[in-house]
Amino acid sequence: MDYPVWQLGALGGGLLIAVIATVHVFVAHFAVGGGLYLVLTEHFARARRLPAVLAHVKKHARFFLLLTMVFGGLTGVGIWFTISLLSPGATALLIHKFVFFFAAEWVAFMVEIAALLVYYYRFDRMGAREHLITGWIYCISAWASLFFIGGIVSFMLTPGEWLATGNVWDGFFNPSLWPSVALRTAMALLLAGVFGFVTAIRVGDEAAREQLVRFCAVWAAAPFFAVLASGMWYLDSLAPASKALVLGGNPEIALYLGVFLKCGPVLAALAVIMAVKLPGKVRAVLCLFTFVLGYAYIGSFEYVREAARRPYLIVGAVYSTGLEVARAGAVKDAGVLTAGGWTQLKHITVDNEIEAGREIFNLTCLACHSIGGPMKDIVKLTEKYSRFGAEAMLAGLGRISGYMPPFPGTDRERQALAAYLTEGLHGKKPPETAFEPNDLPLRVPVAEPDREYTLTAWSAQGLTFFSDADETFRLLPPGNTLRAMLIKRGDPPQVVSRGVELSYRLEPGASDPAARLPYWKFAKSGSGESLPPNTGAAGLGTSGAMAPEAASSIFQAQAVPVSPYATPSGIDPYPLATVEARETGSGKLLAATTVVLPASTEMGCKNCHGGPWRVDGAMGVSRATAGDIAAVHDRRNGTDLARRAKAGSPAACNECHADAAAGGTGDGKRLNLSAAIHGLHAAVLTGTGDKACTSCHPADPGGATRAYRGVHLANGLGCTDCHGGMDDFALSLLRGQQGPGQATADKLAANLTPRAVALDKINPRAPWTNQPDCLTCHKDFGPGGSGADSGFNVWTKDGEGLFAKRRDEMQAVACAACHGAPHAEYPARNPYGENRDNLQPLQYQNLAAPLGAKGGCAACHTAPMDASAHHPLPQ
Amino acid sequence: MTDPAALIAAAPPIPVPWEVLEGLRLAVFLLHIVAMNILLGGALIAAVASGRESTLPGHAVRSLSRALPTVMALTVNLGVPPLLFIQVVYGQFFYTSSILMAWIWLAVIGVLIIAYYCLYLHDWRSGHGGHEAPARGAGAGASTVFIRTAAALLAVNAFIYVCNLSQTQNPAGWTGAVGATLGTFLPLADPVLFPRFVHFLVGAVAVAGLALALAGRQGWFTDRDERTEAYGLRLFFYATLAQICAGAWFLVSQPGATSELFLGASPLATALLALAALLTVAALIFALHRLVLPCALAALGILAVMVLMREVVRLSRLAPYFHPEDLRLVPESGPAVLFAALLAVGLGAIAWLAVAFRRAGQAGKGA
């Protein structure tokens with residue numbers, strides 16, 4: 001943060017260090033192994049009196065001199081230059097801490113150069129013994145320089161005890177020092193053989209050539225096993241987090257690890273083939289291949305090693321951006337723009353927001369992400385995010401992936417960066433205008449004042465959604481449960497469930513959901529057979545009979561198939577259902593009413609997963625969005641959702657994740673669906689209040705559904721007032737996860753911050769059945785505020801306690817029968833026609849309010865009432 | 001206008017007293033400067049003298065060419081400790097300056113690699129491996145392109161270094177790069193830049209000339225060669241005269257607060273300048289009288305004094321912002337002891353190698 005940032009743009013993201021470092025180590029390791037090769041070959045040549053071989057040693061020594069001293073030495077300095085240009089802060093730390101180890105390496109380098117010069121320039125004139133000693137001096141000092149640099153480099157990945165003690169010896173003699181030195185030594189011997197081929201295949205004397213090529217083949221092939229073994233030792237010495245990254249946690253590493261693991265055996269095989277007496281030209285081609293593979297071998301190893309440090313440069317001490325971990329708290333408070341002196345902008349305004357975002361990007365992202373270049377191109381990676389999605393991703397940066405550092409700046413800076421990443425890089429602007437729903441035709445049903453029956457109906461879920469991307473994955477069937485209660489008016493009124501038949505019928509525009517939904521193409525019933533079109537999960541269609549529940553007398557039509565896409569066209573998330581009560585036997589119509597049965601596909605996945613709305617620019621999960629979800633799920637969890645979708649048999653989420661809503665107990669190994677989705681996404685939606693909910697659920701006040709529309713909204717309450725903030729909400733689900741998935745639950749919970757109460761005080765809950773209890777805030781049925789301020793942490797015991805199923809103190813009338821559907825309690829304001837949800841109150845008491853409000857007991861009572869046995873009334 | 005002090009990063013603590021670090025740096029830097037002057041000056045001399053009639057004998061040109069790659073190896077190697085220690089003491093300035101001119105600084109690597117290979121190519125094309133091959137004639141024309149390229153590149157490299165080290169000690173000049181660091185920011189407007197560069201170039205020619213004179217005197221190339229000796233001394237003499245002017249120009253181009261240190265404001269600095277002047281006069285007189293060894297010693301003295309004067313200038317330029325005593329000391333001397341022990345071992349190995357080298361050289365001559 002304190003240094004100027006070299007604005008490399010497309011060449012950023014570490015490209016320069018990747019190139020210069022891999023080129024250097026390729027030559028430098030040869031310089032180490034090759035020294036031993038020269039000495040041993042010279043021994044061999046002198047012992048066996050082979051002048052042709054000896055002549056070759058001299059030629060190889062010249063090749064050696066030219067390559068390692070000039071190119072090898074200067075590219076080493078090049079690494080040094082490059083790291084101080086790209087990561088000056090971290091480089092300063094290394095240099096200051098390990099200055100005398102660097103100085104020790106210089107001594108080795110100096111002796112190396114002197115020895116090599118003497119070895120070559122006095123090749124013919126020195127006595128054999130002295131010459132060989134010169135070679136050994138070279139060899140030992142070359143290895144010594146590898147050792148010293150290896151110590152410092154390995155420290156960066158496994159600082160070990162140094163993190164606690166700060167002691168330089170702890171830093172140098174760190175957990176991966178010996179494994180890395182072992183691997184590098186093996187690699188050096190291997191590369192000695194690879195480079196050895198270059199001169200060996202051109203030796204004129206045939207016998208000498210064959211001897212030398214075979215010799216090089218041993219060098220190039222045999223160390224492979226040592227590289228593999230020391231590689232495993234190296235992996236074992238890593239901290240668990242780094243190890244996890246290497247073993248699949250980071251998809252980029254997986255690519256390079258794959259190259260490394262494939263190169264080794266192929267290279268060894270090629271080396272063996274080289275030993276066979278082949279024509280010169282063939283050998284030259286093979287030599288070229290081994291050379292390229294040799295570079296790929298060590299290059300991929302170095303790439304994996306560097307990447308394993310993510311998100312750090314010095315694990316646990318300095319982030320990849322150069323920010324010291326110890327300083328992160330102060331920088332977060334003050335902001336990155338003011339942490340150092342090199343930024344043009346210090347304050348963010350509406351006008352300079354994108355430019356500020358660009359400066360913040362350079363400080364906090366450019367170290368790893370190029371802009372339009374080959375290294376983790378940020379332009380490609382951010383293409384799918386909406387502004388809110390980008391803000392959310394930045395808020396939870398690193399928590400889910402484990403290989404990104406947390407965003408180090410203030411919230412305002414995070415927003416500015418999100419603006420740069422979306423609007424600056426892609427020209428994406430947040431939508432200027434909200435969706436404007438149109439008023440739909442509505443007819444309030446009529447009820448005679450002296451009627452015999454009052455029929456009320458409500459949807460079990462006033463706020464609901466499903467995904468219509470069934471060709472990619474199957475999340476939930478389209479459907480809502482319709483409930484009704486028939487009350488015979490009188491003194492006292494009677495709840496009637498016998499001798500009557502209730503039926504329902506969706507309006508014409510909603511009677512063919514299959515016309516515009518793909519669900520039935522892929523749906524299977526419990527028995528594995530496809531469901532016929534327009535049939536819900538419980539076997540009911542768009543019209544049919546409602547069955548009474550013996551204990552509660554509530555009539556129910558479960559999982560009625562209902563779609564927000566009207567036929568033939570248009571969006572209608574609130575189709576109407578006509579409910580009729582008829583006398584059994586005679587079929588005489590006793591009562592009828594109309595009620596909304598909500599349906600929506602406004603799932604906000606596209607905020608982060610990209611893609612457009614599927615239908616009419618209003619709602620629906622598009623194939624692009626679903627495809628990204630599947631791809632990310634596959635990448636993170638090793639699943640094959642994308643492949644199955646392509647093959648035409650998309651997976652259903654409840655195959656693995658238990659889901660009470662879609663049915664199924666999952667595979668018994670994983671988190672239930674709600675815990676999984678909320679547990680994961682909470683990491684990025686932390687601290688965003690109601691927006692966390694409405695960015696996915698169809699309650700966005702500017703969206704096409706606006707399903708949160710009842711009396712609580714009118715009183716200024718939001719989602720989180722009852723359900724808790726996103727962190728708390730997710731934690732309550734994760735704590736409710738026992739047995740299978742426990743380890744995952746703990747891991748996800750570690751990313752979250754409880755806000756309402758301490759973590760161990762959060763009461764676990766199962767999804768769908770443990771919900772906030774109305775009486776937490778409405779103490780003794782008092783008005784809101786008579787009890788607690790928040791509904792979080794006090795759950796209904798089970799599904800029977802849910803508002804949509806519960807009954808009054810007499811256990812007679814269902815709460816929802818008078819108060820309306822959850823999330824749409826009377827009086828509700830429907831975006832598609834103000835009173836679309838208030839039909840029964842208007843029908844029976846000409847007042848949009850709970851049935852019986854303002855002394856309107858006549859809705860069911862034929863005698864005047866001066867007190868309520870249903871529940872205490874507000875004074 | 002940004003306050004330059006706000007642009008300076010904080011430095012991590014140091015493990016040994018700054019005087020130790022500076023002492024090590026300056027000691028090796030002196031050796032590096034000697035080698036670098038011989039390299040740069042030698043390349044320039046070889047570039048001019050190769051492929052044409054010259055008062056410098058052909059065999060000397062060839063031997064010089066032969067030595068240059070090795071001199072370069074030594075120069076690069078001896079440059080490592082100064083590069084290391086300057087990052088410990090002045091890293092916050094050095095890194096910043098390097099980043100501002102990042103592309104150009106990084107280009108040094110490519111420039112040096114190409115220069116190095118050019119020196120080798122020149123050495124071979126001009127007939128290495130003995131004194132038998134002609135310096136002029138069939139091979140000579142082809143070989144000048146490499147030596148001239150190498151000399152030009154080494155001069156370019158010197159300019160890049162002069163840019164960086166000048167910018168390192170002038171934080172006030174950094175403010176123009178705030179907010180847009182594209183890696184091409186050079187201190188071309190700094191008045192010390194060109195005098196500094198000229199001073200180094202001329203100095204390099206002088207030192208290389210003197211080295212040639214020594215080679216001729218001591219018979220390093222062949223038996224004692226008076227022509228080479230005379231050439232070298234002449235070059236040293238005139239270059240040193242020019243250097244007096246270049247040095248004066250360099251001095252007056254410094255800000256007043258710095259230059260007046262040497263002209264009376266600081267007893268130490270003034271004494272250094274006086275000593276340098278005295279040694280220069282002595283060296284010139286020795287050169288005139290063809291007293292090569294005393295001249296070389298005086299020149300070494302001048303260089304040592306110059307190294308110290310250079311630090312006085314740096315401390316003066318950075319005085320408004322920093323002094324090495326500001327660095328926090330968190331003692332950890334173990335590694336320094338390790339280094340000292342290894343250095344002793346290393347120097348021992350080099351001593352053995354030097355002896356073995358000479359013995360083999362004599363054996364070759366005798367055979």
Side-chain angles (χ1 to χ4, degrees), chain A residues 2-8 16 20 66 69-71 73-75 77-78 80-82 84-85 88-89 91-93 95-104 106-111 113-115 117-118 121-122 124-127 130 133-134 137 141 167-169 340-345 359, chain B residues 2 6-15 21 24 70 73-74 76-77 80-81 83-85 87-88 91-92 95-96 98-100 102 105-106 108-109 112-113 116-117 120 177-183 332 334-336 338-339 342-343 346 349-350 352-353 356-357 359-361 363-364 367:
Chain A
D2 297 336
Y3 287 95
V5 177
W6 184 11
Q7 292 170 21
L8 284 164
L16 293 176
I20 211 166
L66 287 174
M69 193 140 78
V70 182
F71 193 77
L74 279 165
T75 50
V77 177
W80 209 357
F81 275 32
T82 309
S84 47
L85 293 172
T91 306
L93 231 134
I95 295 274
H96 283 71
K97 201 71 198 170
F98 292 101
V99 53
F100 288 107
F101 289 92
F102 281 109
W106 167 71
V107 173
F109 181 42
M110 190 171 58
V111 175
I113 288 188
L117 287 169
V118 171
Y121 283 111
R122 286 289 182 262
D124 300 317
R125 292 202 267 175
M126 223 178 198
E130 277 191 339
I133 292 176
T134 305
I137 292 176
S141 50
N167 183 299
V168 68
W169 297 107
W342 285 94
T343 48
Q344 190 88 287
L345 299 167
E359 287 210 281
Chain B
T2 321
L7 300 176
I8 301 165
I14 50 175
L21 297 165
L24 283 167
T70 304
L74 279 169
V76 170
N77 180 266
V80 169
L83 185 65
L84 174 65
F85 290 115
Q87 289 176 58
V88 189
Q92 64 272 43
Y95 291 150
T96 303
S98 306
I99 293 167
L100 295 186
W105 182 238
L106 202 54
V108 162
I109 304 303
L112 288 180
I113 289 177
Y116 214 153
Y117 282 126
Y120 270 113
V178 172
T181 310
L182 302 169
E332 231 173 8
L338 169 74
F339 162 68
L342 284 169
L343 183 62
I350 288 174
W352 185 91
L353 287 166
F357 181 83
R359 221 184 0 247

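Order of the sequence lines fixes the chain letters, A, B, ..., with proteins taken first and strands second; residue numbering starts at 1 for each chain. Because only heavy atoms are used, hydrogens play no part in the values below, and waters and symmetry mates are left out as well, while side chains stay in.
Using a 4.5 Å cut-off between heavy atoms, A:N167 touches chain B through backbone and side chain atoms alike. For A:L117, the part lying under 4.5 angstrom from a heavy atom of chain B is the side chain only. Contacts between B:L338 and chain A at a heavy-atom distance below 4.5 Å involve the side chain alone, from C-beta outward. Contacts of B:V178 with chain A are made by both backbone and side-chain atoms, with heavy-atom separations under 4.5 Å. If you measure heavy-atom distances from A:E130 to chain B, the contacts under 4.5 Å come from both the backbone and the side chain. Neither the backbone nor the side chain of A:S141 comes within less than 4.5 Å of any heavy atom of chain B. Contact of B:F357 with chain A is made through backbone and side chain together, with heavy-atom distances under 4.5 Å. At a 4.5 Å heavy-atom cutoff, A:F98 makes no contact with chain B through either its backbone or its side chain. Of the two parts of A:L66, the backbone and the side chain both hold a non-hydrogen atom closer than 4.5 Å to a non-hydrogen atom of chain B. Interface residue B:I350: only side-chain heavy atoms are found under 4.5 Å from chain A. Proximity to chain B (any heavy atom under 4.5 Å) is restricted, for A:V5, to the backbone atoms N, CA, C and O. Contacts between B:Q87 and chain A at a heavy-atom distance below 4.5 Å involve backbone atoms as well as side-chain atoms. If you measure heavy-atom distances from B:L74 to chain A, you find no contacts under 4.5 Å at all. Residue A:S84 touches chain B through both its backbone and its side chain, counting heavy-atom pairs closer than 4.5 Å. Heavy atoms closer than 4.5 Å to chain B are found in the side chain of A:I137, but not in its backbone.
The candidate from A:V168, A:T343, A:I113 with the greatest count of non-hydrogen atom pairs under 4.5 Å with chain B is A:V168. Each of A:M126, A:Q344, A:R122 has some count of heavy-atom pairs under 4.5 Å with chain B, and the biggest count is that of A:R122. Considering only heavy-atom pairs separated by less than 4.5 Å from chain B, the leading option among A:D2, A:T134, A:L85 is A:L85. Ranking A:I133, A:I20, A:L345 against chain B, the residue ahead of the rest is A:I133, based on heavy-atom pairs under 4.5 Å. Here A:A103 is the residue among A:G78, A:A103, A:A114 with the most heavy-atom pairs under 4.5 Å with chain B. Residue with the most contacts toward chain B among A:L93, A:T91, A:T75, A:L16: A:T91 (heavy-atom pairs, distance under 4.5 Å). Among the candidates B:Y95, B:W352, B:Y120, the residue making the largest number of heavy-atom pairs closer than 4.5 Å to chain A is B:Y95.
A donor-acceptor pair is defined here as one N or O able to donate and one able to accept, closer than 3.5 Å; such a pair exists between the side chain of A:H96 and the backbone of B:V88. Side chain of A:W6 to backbone of B:T181: no donor-acceptor contact under 3.5 angstrom is found.
Note on ring orientation: taking the six-membered ring where Trp is involved, the planes of A:W106 and B:F339 are tilted (angle from 30° to 60°).
Ring-centre distance between A:F101 and A:W169: below the 6.0 Å cut-off.
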